[in-house]
Amino acid sequence: MKLQDATWQDVEGFRRDCVVLIPTGSLEQHGPHLPLFTDSLIVTAVAEAVEARLTESVILIPTLWLGASGHHLRFPGSLSSDFDSYMGEIQSCVESLLPHGFHKFYILNGHGGNREPNGIAARRLKEAHLQATIGQSAYFDFVKTVISDTLEGPLKEMRHACEAETSLMLYLHPDLVRTGKLRDDGLASDPAVAGMVHHFDEITEQGSYGYATLATAEKGERIFDAAVKQVTQEIDRVANGYFLRGL
Ligand SMILES: [Zn+2]
């Protein structure tokens, strides 16, 4: 069920062991060829496809689109939330539903910059609500092998407005891809020192990171279908009694 389409009485009648799915995206620069809303569009498409397959066991919250994007703010149009406000939004969604008996929550992420705050928000929520089931991951982390098998370029993982992300947009929203502006970027011959915190204006020329020129809609379809299948399978497990009882 999509929460935005429900009445409060619909929600009251819904089973309490369903999974509340909270997609998190961004509105931030995606190079010269992809729109600012790219992360939010893709994660919403994945989440809606999952909800359509698990209507009876998922409550889908509208995508939290204002992400943690401070590392993109040098490019105009990017919007960012500070970390505490961002995590507060997630916590507020969860704590609005907990008193009504819903106790399983999964934060499905579509933006790399949200990864750490999503993890902290989930851990805080678990510490504050010991009986709740809380999880979080990015959709692309469910399909790392498919992504690496699909990509032709030497970068074999999701980066930014890259071969993978541009392929997903060519599949989902081809009208929004500026195909005349596709370019490879962020490919410095000197690899970054592990663990360094970089803003995108430091590591790219025009904001993208990866081999966008190799993107195709077919690759996007393959990654999208795999992500929907895998996320659906795992959310279904959470909905149907997945529980770790220790050794
Ligand atoms: Zn992105």
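For the numbers below, each heavy atom of this structure counts, side chains included, while hydrogens, waters and symmetry mates do not. Just follow the structure's listing: the first ligand is 1, and inside any ligand the first atom is 1. Bear in mind that the values here come from a model prediction, so they are computed numbers and not experimental data. Sequence positions, counted from 1, serve as the residue numbers for this chain.
- Salt-bridge formation is not detected for the pair Arg124/Glu127: no Lys NZ or Arg NE/NH1/NH2 atom is positioned less than 4.0 Å from an Asp or Glu carboxylate oxygen.
- Listed by chain and number, the residues in a side-chain contact (heavy atoms from CB on, under 4.5 Å) with Arg222 are Val146, Asp149, Thr150 (sequence neighbours excluded).
- Below 30°, between 30° and 60°, or above 60°: for His111 and His71 the angle between ring planes is below 30°, a parallel geometry.
- Here the protein contributes His30 NE2, Asp39 OD1, Glu165 OE1, Glu165 OE2 as N, O or S atoms under 2.8 Å from the Zn ion (ligand 1).
- A salt bridge between Lys219 and Glu152 is present, with a side-chain N of the basic residue lying under 4.0 Å from a carboxylate O of the acidic one.
- More than 12 heavy atoms of other residues, nucleotides or ligands shown are found within 6.0 angstrom of CZ on Arg183.
- A parallel orientation is assigned to the rings of His72 and His30, their planes being inclined by less than 30° (bins at 30° and 60°).
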